[in-house]
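I have placed the structure first, in the form of structure tokens, so that the comments after it can refer back to it.
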Amino acid sequence: MARRRRKHISPQQITGQQGVNLVEREVLAMGFAWHPTNQALDAGIDGIIEVRDPETGEATNNIIQVQVKATTRKWTYESSDEFTYRCRPEDIEYWTRGNAPVILIAVRPDGDEAYWAHVQDAFADKGRSDDLHIRFNKQTQRFDRNAARGLLRLAVPRDVGPYLPAPHQNEELISNLLPVTSLPPHIYVASTDYRDPKDVIAWAKDSEVQLPSGWFLGGELICSFHDLREGVCREICDIGSVETFGTDEWSDSDDPDRQRQFVRLLNQVFRGDMRIRRLWRSKDERCYYFPSRRGPNDEPEARTYWYRSLQQKTSSEVVKVEPDRSGDGIWYCRHDAFQHAFLRINDGWHLVITPHYVFTTDGRTPHPHGEELLSGLKRQEHQKAVLGQVVMWRHKLTEQRGQMRLGEGEREQPLIGFGDLTRFSCPRGINDADWLPSDKGDEAEGDDSMDGGLFA
């Protein structure tokens, strides 16, 4: 009588199923759906992940195919940080010729470890067609619920974009808004014979006197934060017509015309304050910027500005002098700058800071190709770099109180005081990396000390 052949399940099969079970567990923890394949007809895919909205339960029909490779042993070239996995050529061909994204998940069930890699990305470079290895980074390629956003970017078509709601987590958003915290208490208005501010400036120059900052002409009136009955202002207005208003009568007014007058006055005062803080104004760029230092023979020199970031003392090269290719001259000078606007939010006024750059040929003369240079620089900037610029300008406008000599024993100080950058608390959080392009070589760069996100 023939001996009956008995069924056997090998240890390798047990390990393989444990690996698939671990992957299924993590997929379900992400809130996605897991569809195992028919093992009898398996041609290199162990299951399919379907992206699903974990809050509404809506299925998307956007999928990722999964190949699981499980082991109880150490992987090739394994260290505490990384390892490699050698794929079979026929598997690579099968994975890469389809139209759905495929990920390879290396699993060690007894250590509760799983790491993933996007196969098409790993073998996208034709130059490495003879290289059958995929390198895994244990810190960045862990397959757990934190991998959900990475999988989402693979599954959802680029023309649709990720759309799952942001996770519930408190996040602090740092804005580019500086609240106005102090202003002179009064605004003065008087009649004047002058109609053009250039005539007032010409008179001051001929008379060899320094006009205070913060005034403007409107019709037959002059408006100022300075008492028009005192100092040189007596010479440019009718003293008997001076009227005094509380600053809050203008700042809190809901009358659009009065608000426009108040913003106009703020901008005039701000121009003078920036002069006191040793910043130059670019009329063409409508911004303020750091001037370059002057070296031997009046040549421009680079300039570094020290300030306190969100966490530590740091510095920034606020003026960069780039030599031309011959090395005998200057190609351009790049000056850190900012554009501004005053904005009323609820019952308070804020300064809106928009980081900018000015390009010159010698520290003074606008560069003929400034727009092209600015466009190229803006394309390279990421969120952290912009945040760093905003934090630097906050320091310049709040923690340094400059002053300028007006005459014998008399000094002028900035009239507008600012508080710290306005921050907002948000009940949902978004991983900043999810906003970055997914193309290779387009990684974010910036100061790691900048902890927070830029808003507005």
Side-chain angles (χ1 to χ4, degrees), residues 12-13 15-17 19-24 26-27 30 32-52 59-71 73 75-78 81-108 113-144 146-162 433-434 436-443:
Q12 290 79 12
Q13 288 176 295
T15 300
Q17 187 59 49
V20 172
N21 292 346
L22 189 154
V23 169
E24 179 179 14
E26 296 300 334
V27 170
M30 298 175 196
F32 297 162
W34 171 255
H35 303 285
T37 58
N38 186 333
Q39 296 298 317
L41 301 177
D42 176 19
I45 298 298
D46 293 304
I48 294 174
I49 298 173
E50 181 179 8
V51 173
R52 165 187 169 276
T60 66
N61 198 31
N62 292 305
I63 66 170
I64 300 172
Q65 298 192 88
V66 180
Q67 173 73 74
V68 180
K69 297 292 186 181
T71 186
R73 303 176 182 178
W75 288 294
T76 307
Y77 305 117
E78 183 176 1
D81 297 322
E82 62 181 13
F83 65 91
T84 62
Y85 184 88
R86 187 180 187 278
C87 305
R88 296 186 303 174
E90 56 269 27
D91 285 339
I92 297 173
E93 181 184 2
Y94 177 74
W95 294 332
T96 57
R97 71 185 178 188
N99 58 5
V102 178
I103 63 172
L104 174 66
I105 305 180
V107 184
R108 190 153 48 202
E113 297 177 77
Y115 307 93
W116 71 285
H118 181 205
V119 172
Q120 284 93 333
D121 266 357
F123 297 103
D125 187 355
K126 294 181 180 179
R128 57 165 300 186
S129 58
D130 294 333
D131 187 354
L132 306 179
H133 294 83
I134 295 180
R135 180 177 287 108
F136 290 84
N137 184 301
K138 291 185 177 182
Q139 280 67 48
T140 62
Q141 292 175 259
R142 185 96 187 188
F143 189 81
D144 55 22
N146 294 321
R149 289 284 163 181
L151 298 179
L152 176 63
R153 288 197 296 269
L154 288 182
V156 179
R158 290 192 177 191
D159 58 347
V160 175
D434 292 337
L436 298 175
S438 58
D439 294 339
K440 292 183 178 181
D442 207 3
E443 301 296 330

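Worth knowing before you read on, the calculation uses all heavy atoms, side chains too, and leaves out hydrogens, waters and symmetry mates. In this text, all values refer to a predicted model and were calculated from it rather than measured experimentally.
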Examine distances only and state if a side-chain atom of [X] and a backbone atom of [Y] form a donor-acceptor pair shorter than 3.5 Å.
| X | Y | value |
| --- | --- | --- |
| Gln65 | Ile45 | no |
| Gln120 | Ala100 | yes |
| Thr15 | Thr71 | no |
| Thr84 | Thr76 | yes |

Just how far is it from atom CD1 of Ile49 to atom CG of Leu152, taken to the nearest 0.5 Å?
-> 11.5 Å

Interatomic spacing from CD in Glu26 to CG in Leu151 - rounded to 0.5 Å | 11.0 Å

With [X], which residues qualify under side chain to side chain donor-acceptor pair (under 3.5 Å), at least two apart?
| X | value |
| --- | --- |
| Arg97 | none |
| Arg86 | none |
| Asn146 | none |
| Lys69 | none |

ring-ring contact (aromatic ring centres under 6.0 Å, His included) partners for Phe83, two or more places apart = Trp75, Tyr115, Phe136

Side-chain heavy-atom pair Tyr94, Val102 within 4.5 angstrom cut-off | no

Residues forming a side-chain contact (heavy atoms from CB on, under 4.5 Å) with Asp81, sequence neighbours excluded = Ser79, Gln139

Going by an N to O cut-off under 4.0 Å, is there a salt bridge joining Arg108 and Glu78?
-> yes

Side-chain donor-acceptor pair under 3.5 Å between Asn137 and Glu82, yes or no?
-> no

Any chance you could lay out the side chain to side chain contact (heavy atoms under 4.5 Å, CB included) test for Val23 and Trp34, step after step, and finish with the verdict?
-> CA-CA 9 Å; Val23 169; Trp34 171 255; 4.0 Å; yes

